[in-house]
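Report on one structure; see the data block that follows.
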There are 2 protein chains.
Amino acid sequence: MRGRAELLPGLAEVFREHGYEGASLSLISRATGLGKGSLYNLFPEGKAEMAACVLAEIDGWFEANLYAPLRAAERPAAAVSAMFDAVETYFRSGQRVCLVGVVALGSERDRFAGAVRCYFARWIAALAGALTRSGREPAASLALAEEVVAQIQGAIVLARALDEPAVFSRAMTALRIRVAAAG
Amino acid sequence: MRGRAELLPGLAEVFREHGYEGASLSLISRATGLGKGSLYNLFPEGKAEMAACVLAEIDGWFEANLYAPLRAAERPAAAVSAMFDAVETYFRSGQRVCLVGVVALGSERDRFAGAVRCYFARWIAALAGALTRSGREPAASLALAEEVVAQIQGAIVLARALDEPAVFSRAMTALRIRVAAAG
DNA sequence: CAGGGTTTGTACCGATCGGTACAAAGATGG
DNA sequence: CCATCTTTGTACCGATCGGTACAAACCCTG
């Protein structure tokens, strides 16, 4: 037997590629190599629970790898730069979609509204904090943090729409420069 | 009988709210008030044709209301400002989703790849042209245009994720200021 | 009003949806 | 090795999916 934790990454990929509605149990079964029996044994509440767990896993990953470092950084500017590194790697230059963003746009938004809001709110807050500690005004930091997170999401959309990963990389580079400039 | 044109807006709303896969024929039937017989009479190729027509309609609207004015403007700065007005109205401060962006993120992206790419490429090109004619370097104009379009898409995601339309309005205001600043 | 083509609703198709039931198979503890 | 409990595959459930068939209703033109 495998625990839930070790199949969450594969599960996440199915949701990313097909969305919540499009991720059918047969797709999930194929992707995980588990039959329905096993899936419903691990996730008694079915697909909704799978998606909730995946969102929680993603949230945990961002918390550990982006938000916490941003909050704890002694050198905030370096932490922000590290965040961009992590973002570029995680989203594979825009070829990998942000599942939380996809959920936010989809019809199942209300079901996961809490998790979605929390993910973005904490991202913005952590980034804004780091920007403030690197010398910017708090209000300007918050505004810039919002812009940065939105730009990342938009760059994913645009890179996929144009089928041009370079768009994503260019956007990240431009953001680095804007953030490095004095507030 | 009603022609295809007059039910495209309602059809578009169904696709926006439920995505391509989620927009079932029964939903479409209810939203348009037409039975399957009528729908397949108007769109012999079924759902795919409906979606293609909706995308074409959206593309036409943006061409007429945003791209063409941007290209033809004698006062490019005013045209850019008018574009932001149109965007804020069209997307209802981020409460209405960009169907083309949703398709770009979804699994049916390949099916509509041409239309999606065309929509965004023309938007960026028209905006970059206006920015150039208002005195910016061509390369800088292109980069800024890309950023602006990405920011709009990201602001929609963020406004919906946080369930806070003000996020969208703030983002648009910030973009206006950035664009108005000297290149 | 009659004829002919179009538009419409409805019944139906096989496939698949999310979910359940349950018995065989596997692991675990004594 | 047996008894017990968990994990697994498979068959099955009603509902709904996208799509088709087709006859009744409708609208023109004569």
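Every chain is numbered from 1, with letters handed out A, B, ... down the list of sequences.
Projected onto DNA chain C by closest heavy-atom contact, A:Tyr20 and A:Gly37 fall at different nucleotides, the more 5' of which corresponds to A:Tyr20. If B:Leu25 and A:Gly35 are placed on DNA chain D by their nearest nucleotide, the residue sitting closer to the 5' end is A:Gly35.
Counting to the nearest Å, the P atom of C:dG9 and the CG atom of B:Leu39 are 9 Å from each other. Distance A:Glu45 CD to C:dT20 C1': 15 Å, rounded to the nearest Å. A straight line from CD of B:Glu21 to P of C:dT16 spans 14 Å, rounded to a whole angstrom. In this structure, A:Tyr40 atom OH and D:dC13 atom C1' are separated by 13 Å, rounded to whole Å. In this entry the distance linking CG of A:Leu27 with P of D:dC17 reads 18 Å, nearest Å. C:dT20 atom P lies 15 Å from atom CZ of A:Phe43, rounded to whole Å. With rounding to whole Å, B:Leu34 atom CG is found 14 Å from C:dT10 atom C1'. In this structure, the NE2 atom of A:His18 is 19 Å from the P atom of D:dC17, given to the nearest Å.
Judged by distance alone, with hydrogens and angles left aside, the side-chain atoms of A:Arg178 form no donor-acceptor pair with the main-chain N or O of A:Val148 at under 3.5 Å.
Residue A:Ser24 places at least one side-chain N or O closer than 4.0 Å to OP1 or OP2 of C:dC17. For C:dC17, one of the phosphate oxygens OP1 or OP2 lies less than 4.0 angstrom from a side-chain nitrogen or oxygen of A:Ser26.
Across all strands, A:Ala48 comes closer than 4.0 Å to no nucleic acid atom at all (heavy-atom distances).
Under the 6.0 Å distance and 45° angle rule, A:Arg96 counts as a cation-pi partner of A:Tyr90.
Side-chain atoms of A:Asn41 lie closest to D:dT7 of the nucleotides C:dC17, D:dG19, D:dT7.
Side chain A:Lys36 to base D:dG9: no donor-acceptor pair is found below 3.5 Å.
The aromatic rings of B:Phe91 and B:Phe168 sit perpendicular, their planes meeting at an angle over 60°, well past the 30° parallel limit. The aromatic rings of B:Phe62 and B:Tyr119 sit perpendicular, their planes meeting at an angle over 60°, well past the 30° parallel limit.
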Exercise for review: Output, in order, the C-alpha distance, side-chain angles, deciding distance and verdict of side chain to side chain contact (heavy atoms under 4.5 Å, CB included) for A:Ile152 and A:Trp123.
Suggested key: CA-CA 12 Å; A:Ile152 291 170; A:Trp123 191 347; 3.7 Å; yes
